[in-house]
Amino acid sequence: MTTDNPMGSPGVHAELAKRRKAVLPDWLNTLYAEPIDIDHGAGRHVWDAEGNRYLDFFGGILTTMTAHALPEVTAAVSEQAGKILHSSTLYLNRPMIELAERIAEVSGIDDPRVFLTSSGTEANDTALLLATGYRASNQVLALRNSYHGRSFSSMAVTGNSSWSPTSLSPVQAQYVHGSRRPGAPLADLSDADFVDACVRDLEDVLDQLHGNVACLIAEPIQGVGGFATPPDGLFARFKEVLDRHGILWISDEVQTGWGRTGENFWGWQAHADNGKPDIVTFAKGIGNGLPIGGVVASAEVMNSVAANSISTFGGSPATAAGALANLDYLLEHDLRANARHTGAILRAELDSALGGIPGVADVRGKGLMIGVELRWPDGRPAPEMAAEVMEETRRRGVLVGKGGLSGNVLRIAPLLSVTESEAREGARVLLDALREVGEARSS
């Protein structure tokens with residue numbers, strides 16, 4: 001890492017970590033053995049409170065999407081804050097309406113309606129409400145290894161036990177195969193055979209349920225699940241089965257939306273041969289750090305709610321103004337194309353680790369959403385190795401995340417404006433850290 005902030009002081013992090021432990025829950029997770037306080041950022045870099053500079057390859061969990069301290073977003077929020085911060089959905093709200101219009105334009109959904117929320121969790125919660133009410137059923141399908149949020153209902157459809165602390169549930173959830181490959185029973189199948197097996201599994205699960213199923217909720221690429229990536233076309237095949245039963249498809253785009261995969265604007269578009277999702281949820285990147293999420297659905301589905309509703313904070317004026325400026329910047333600078341270009345550079349560099357660096361079992365993902373899975377020689381997941389690599393990349397000045405069912409997958413997700421030189425710099429640091437830890441562990 002680079003120490004270039006003269007205002008930084010050593011020991012700040014340890015003192016703040018002590019205060020944190022005294023007042024916040026033990027189950028609130030942090031990265032690193034010695035957590036760091038991110039003080040400020042600019043472009044693709046952030047500085048901690050002790051003055052260390054880092055190249056940000058995680059974006060606060062894929063949330064800072066365009067750039068840190070993006071002037072266009074800062075100006076939009078500041079201008080709106082000088083007018084009014086809050087009014088709620090009980091009043092007309094110009095920034096909310098203008099943002100919803102832009103999201104509807106790029107959604108790909110026919111006759112779209114947009115509902116804005118404060119988070120991705122709330123967005124998925126709303127999507128489940130829409131689907132179960134529309135279908136008059138509490139039966140929900142989800143993917144194994146999935147993650148959809150931390151509310152009671154979204155945890156009920158989360159297929160990763162590390163992030164779902166209770167078996168109590170407002171819905172009856174059934175889990176099907178779809179994305180996770182290494183370590184799973186279907187790991188050795190070709191892509192075509194894997195898709196066939198997943199479709200047969202879906203049909204088998206449906207045969208065991210009580211007729212009317214509300215929906216399938218699925219991430220096009222599993223985020224917390226370690227960027228597990230299904231073969232293109234999988235959800236198109238699923239859609240054929242779902243349509244025969246009248247089951248809705250919810251595409252959870254909280255992490256895959258807005259062009260992060262490079263090849264498409266939405267993750268579901270890699271599976272679009274046989275139709276579109278009925279409901280799309282989004283969050284994270286659209287706000288560039290502002291708390292916002294939302295749902296897009298056809299008017300028929302969205303307007304099926306038979307009760308009154310409001311949102312106190314969803315689409316608040318300052319948040320909507322900032323998100324609109326962020327979306328405009330993304331589109332005007334074609335950051336999806338940049339994600340495709342720089343993501344290919346980063347992926348090519350990291351692919352060289354396969355077979356060349358001990359412990360690297362898989363490199364996967366699309367665009368600027370890349371996972372590196374680490375395993376021991378006998379095939380067991382290696383979460384300890386992933387933690388060590390994360391510590392080493394931090395020491396060398398790059399921030400990455402981790403995930404996967406066993407916590408053994410590095411999650412690499414640079415900001416969508418990352419430059420070619422920054423992609424190469426980050427790749428070099430990652431490869432050096434992987435090599436140092438892998439060789440030390442194998443000796």
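Note that this is a predicted model, so its numbers are computed, not measured.
Crowding of Asp378 atom CG: a count of heavy atoms from other residues, nucleotides or ligands under 6.0 Å exceeding 12. The 12-atom threshold is exceeded at CD of Glu105, counting heavy atoms of other residues, nucleotides or ligands nearer than 6.0 Å.
Formation of a donor-acceptor pair under 3.5 Å by the Thr63 side chain with backbone atoms of Ile61 is found in this model. For Asn93 (side chain) and Gly315 (main-chain N/O), a donor-acceptor pair under 3.5 Å exists by modelled atom type. Remark: side-chain polar atoms of His68 are not paired, donor with acceptor, to backbone N or O of Gly41 under 3.5 angstrom. No donor-acceptor distance shorter than 3.5 angstrom exists from the side chain of Ser406 to the backbone of Asn408, with no hydrogens or angles considered.
Side chain to side chain, Asn288 and Thr64 fail the donor-acceptor criterion of an N or O pair below 3.5 Å. The closest side-chain donor-acceptor pair between Ser119 and Glu122, if any, does not fall under 3.5 angstrom. Side-chain contact annotation: His13 with Asp37, donor-acceptor N/O pair under 3.5 Å absent. Asn124 and Thr281 share a donor-acceptor pair across their side chains, judged by distance under 3.5 Å alone. With hydrogens and angles left out, the side-chain atoms of Gln222 and Arg144 include no donor and acceptor closer than 3.5 Å. Residues Gln172 and Asn138 bring no donor and acceptor atom of their side chains to less than 3.5 Å of each other.
By the salt bridge (Lys or Arg N to Asp or Glu O under 4.0 Å) test, Arg244 pairs with Glu203, sequence neighbours left out. Applying the ring-ring contact (aromatic ring centres under 6.0 Å, His included) test to Phe115 and every residue at least two apart in sequence or in another chain returns nothing.
Listed by first and then second residue, the salt bridge (charged side-chain N to carboxylate O under 4.0 Å, His left out) pairs involving residues 257-269 are Glu263-Lys366 (not counting sequence neighbours). Every pair tested for salt bridge (charged side-chain N to carboxylate O under 4.0 Å, His left out) that includes a residue from residues 290-308 fails, sequence neighbours excluded, so the list is empty. Legend: ring-ring contact (aromatic ring centres under 6.0 Å, His included) pairs involving residues 282-328, not counting sequence neighbours, sorted by first then second residue: His86-Phe313, Trp258-Phe282.
Residues Glu349 and Arg347 are not paired through a salt bridge, judged by the lack of any N-O separation under 4.0 Å between the basic side chain and the carboxylate. Comment: Asp362 does not engage Arg375 in a salt bridge, judged by the lack of any side-chain N to carboxylate O separation of less than 4.0 angstrom. The pair Asp111-Arg113 counts as a salt bridge, with a side-chain nitrogen and a carboxylate oxygen less than 4.0 angstrom apart. For Arg441 and Glu388, the salt-bridge test passes: some basic side-chain N is under 4.0 Å from an acidic carboxylate O. Comment: Arg396 engages Glu436 in a salt bridge, judged by a side-chain N to carboxylate O separation of less than 4.0 angstrom. Electrostatic pairing of Glu98 and Arg102 does not count as a salt bridge here, judged by no charged N lying under 4.0 Å from a carboxylate O.
A cation-pi contact, defined as under 6.0 Å to the ring centre and within 45° of the axis, links Arg394 to Tyr32.
Here the side chains of Leu330 and Leu416 are in contact, with some heavy-atom distance below 4.5 Å. For the pair Asn52/Trp47, no side-chain contact is recorded, criterion being any heavy-atom separation below 4.5 Å from C-beta on. A heavy-atom distance below 4.5 Å is not found between the side chains of Leu128 and Val171.
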Under 3.5 Å donor-acceptor pairs involving side-chain atoms of residues 183-191, not counting sequence neighbours:
residue : atom : partner : partner atom : Å
Ser190  : OG   : Asp193  : N            : 3.2
Ser190  : OG   : Asp193  : OD2          : 3.3
Asp191  : OD1  : Arg181  : NH1          : 3.3

